[in-house]
Amino acid sequence: MRAFTALAAAELRLLARDPASLFFMVAFPLMLLVLKRGDSGAVPGYLAMIAAIGGMGALPGLLASYRERKVLKRLATTPISPVLLLGAQLVAQIAAGLAGSVLLVVVTITVFGAEPPGNVVLLAAAFLLCSVMVCALGFVIAAVVRNTRGASLIGMLVMFPMIFLSGAAVPRKALPGSLRQIGDVLPLTPAVEALGNAWSGTAAVFPLLILAGIIVAATAAGAALFRWE
Amino acid sequence: MEAIEVTDLRKSYGDTLAVDGVTFTVRAGETFGIIGHNGAGKTTTVECLIGLRRADAGSVRVLGEDPARRRRALAHRLGVQLQDSSLPERIKVAEALRMFGAFYSDAADWRRVMERWGLRPLARKAFGDLSGGQKQRLMLALALVGDPEVVVLDELTTGLDPIARRETWRLIGDLKAAGTTVVLVSHYFDEIEALCDRVAVLARGRVVATGTAGELVARTGTASLEEAYLALEGADR
C-alpha cells in the first residue's frame, strides 16, 4: 500500500507539472463555460471531456513513453508489480480529472448561479466510471500502438472526434443526423448520458451498465495486448 | 556460501541464440565482473539473474531463489542498475529516491543515500535536466536505496567523466567493504581490474574463462587483462 501511494502521488505530481494536462483538464473547460455564459446544461458533457482528454489524449502517449524509455523496465526490477504502475496512473488521472471537474462545478454554481447537481453521489459515481472507462480505452491504445509519437497521435485522433460526436463538447442535438448516428455507438456517449442524468437528478442505470461493460472489455483487451517492452 | 549460481543457462530470441550454456557462481560478498564483446550475452544473463527474463533451459539461483518464479520476493533483496533505463522527465531527484525507497520493505534512509552519492545539491532538479553523468549517478543511487544484499550493475560507469568514474569506484569499494555482493557488467578492463575479485569472460553466449584478473593473465601468458581477454576471445573463435 505504501508503495502504491508513493507511486500514485508521484504520478499525480508529474501530471500537475505538465502544462498541457493542466491547461486541458482545468483551464480549457472553464474557458468553454465562460463562452457558454455559464450554461449548466453543458457542464456534464464537459466533465466527460475532462476525463477523455486525460485518459485518451494524454495517457496512451505517457504509457508508451514509459515503455520506450525503459521506465517500465526499471520499475519491473523493483518489488512493485508492473500492474501497480498502471493502477497508479489510473488513480492519478482520476484525481487530476476530479480536481478539474470539481473546480468547474463550483464555478458554475458560485459564479454563474446555477442550481447544484440533482444527485451528487450519482454524479460522482458516473464520473468515476467515465474516468475508468476512458483510461481503459487509453490503455488499449498504448497496447496496440508501440511507439510514443504514434500512441499520442492515435490517442488524439480517437479522442477529438469522440468528444464532439458524443455530446461532450457540443450538444448532440446540434449535430446533423448522420453524425448523431455515429455518436450513438461511441463509448463516451453513455458517459455523457450518465453524467447528464445524475446532474438533473434522474437515476438511470442503463448508461452506467454500458460503461461498466466497456471497462471490462477494454481492460481484458488491453491486458491481453499490452507489452512491457 | 554462494550468492548466485548460474548453471548451463540458455536463452534464445526466435532464431538468435543469445546465451548458450552459461555457468558461473558468485560468492556472498564478492565483487564479480562479467566482460565480453557486444552481443556476447551479458545483458541477457543479467536479465535472467534479476527475473526480467525466463531462461529456456538451465538453472539460476540468486540468494537461493529462482528469480523467474520469485521475482518480487527477491526484488526486495536486489539492487539493479540497467543499461540505458530512465525515469519520467519531470520527476525530481529527491522524489525519485523517496519513491523508490517506498517500494522496499527494508529500505535504507533515502536522504542518506542522496547525501552519500553527492546528489543533495541536485535534490530539486528534474531528471530531464540532469547531465548524463548525473543521471547515471542517480540510477546507481536508486539501485542502492533498497539496501540490497546483491547489486547488479550493467555498464556501471558508461557516460561518466574520469573524476565521476573514480568516485563511483570508491563507492563500489564501500559496498564491498559492507559485505554486499556485486555483479558488475562492463567493458572497461581497468574497472574490472580495480574492482572485481573474479571475472567471467563471455564470448558468443558462452563463458570462455573464469578467474581472478591475475589468473587470466597468467593462464594466457599475457601482460594485462585486456590482452588476456583478447587472447581468450580469439582462441574461442
Side-chain angles (χ1 to χ4, degrees), chain A residues 1-23 25 54 58-89 91-93 96 142 147-149 151-152 227-229, chain B residues 13 43 46-47 49-53 62 67 70-92 94-107 110 124 126-129 135 138-140 142-148 150-154:
Chain A
M1 198 60 213
R2 195 170 59 104
F4 183 74
T5 314
L7 203 53
E11 288 300 335
L12 185 59
R13 230 177 274 126
L14 293 174
L15 266 185
R17 264 176 218 155
D18 177 30
S21 291
L22 218 51
F23 175 76
M25 294 176 90
L59 188 64
L62 192 68
L63 283 181
S65 85
Y66 277 15
R67 178 174 49 208
E68 195 165 280
R69 298 177 56 244
K70 297 195 186 176
V71 176
L72 294 181
K73 192 171 180 180
R74 178 62 186 87
L75 288 171
T77 68
T78 70
I80 63 156
S81 109
V83 176
L84 216 57
L85 177 87
L86 298 181
Q89 282 291 343
V91 168
Q93 287 291 347
N147 67 46
T148 306
R149 291 220 288 183
S152 346
R227 294 286 169 271
W228 296 102
E229 28 177 329
Chain B
Y13 308 111
T43 295
V46 161
E47 289 180 349
L49 279 184
I50 59 183
L52 283 183
R53 295 193 191 282
V62 177
R70 303 256 303 151
R71 188 195 71 79
R72 286 186 63 189
L74 198 56
H76 282 287
R77 306 165 70 188
L78 214 59
V80 178
Q81 184 238 346
L82 289 175
Q83 212 178 323
D84 57 55
S85 67
S86 62
L87 297 176
E89 291 285 304
R90 287 195 177 88
I91 198 164
K92 291 178 179 164
E95 288 169 359
L97 284 159
R98 192 179 52 200
M99 180 177 84
F100 273 70
F103 294 163
Y104 295 88
S105 56
D106 211 4
W110 63 269
R124 299 181 60 79
F127 182 76
D129 294 335
K135 281 182 182 166
L138 174 60
M139 296 315 264
L140 269 164
L142 291 177
L144 301 173
V145 80
D147 202 12
V150 174
V151 182
V152 180
L153 307 167
D154 197 353

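Being a predicted model, the structure only gives us computed values, none of them experimental. Below, chain A is the first sequence line, B the second, and so on; all start at residue 1.
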- prompt: So, does Arg74(A) use its side chain to make a donor-acceptor pair with the main chain of Val80(B) at under 3.5 Å?
  reply: yes
- prompt: Is any side-chain heavy atom of Leu75(A) less than 4.5 Å from a side-chain heavy atom of Phe103(B)?
  reply: yes
- request: Name the member of Ile80(A), Leu62(A), Leu72(A) that forms the most heavy-atom pairs with chain B at distances under 4.5 Å.
  value: Ile80(A)
- prompt: Would you find a donor on one side and an acceptor on the other, under 3.5 Å apart, between the side chain of Arg71(B) and the backbone of Thr78(A)?
  reply: yes
query: Side chain, backbone, both or neither: which part of Ile91(B) has a non-hydrogen atom closer than 4.5 Å to chain A?
result: both
message: Under 4.5 Å from any heavy atom of chain B, what part of Thr5(A) do you find: side chain, backbone, both or neither?
response: neither
field: Sub-4.5 Å side-chain heavy-atom contact between Arg17(A) and Lys92(B)
entry: yes
- line: Closest non-hydrogen atoms of Met99(B) and Ala10(A), given as atom of the first, atom of the second and distance, are SD-CB, 3.4 Å
message: If I compare all heavy atoms of Pro19(A) with all of Arg90(B), which pair ends up nearest, and what's the gap?
response: CD-NH2, 3.5 Å
field: Best-contacting candidate, Ser86(B), Ser105(B), Ala96(B), Ala75(B), against chain A by heavy atom pairs under 4.5 angstrom
entry: Ser86(B)
- request: Indicate the atoms forming the closest heavy-atom contact of Leu82(B) with Thr77(A), along with that distance.
  value: CD1-CG2, 4.0 Å
query: Which heavy atom in Phe127(B) sits nearest to a heavy atom in Arg69(A), and how many Å separate them?
result: CE2-NH2, 3.9 Å
- prompt: How about Ser85(B) and Lys73(A): do any of their side-chain heavy atoms sit closer than 4.5 Å?
  reply: no
query: Salt bridge or not for Glu47(B) and Lys70(A), using N-O below 4.0 Å?
result: no
task: Sort Leu74(B) into side chain, backbone, both or neither according to what part of it lies under 4.5 angstrom from a heavy atom of chain A.
output: neither
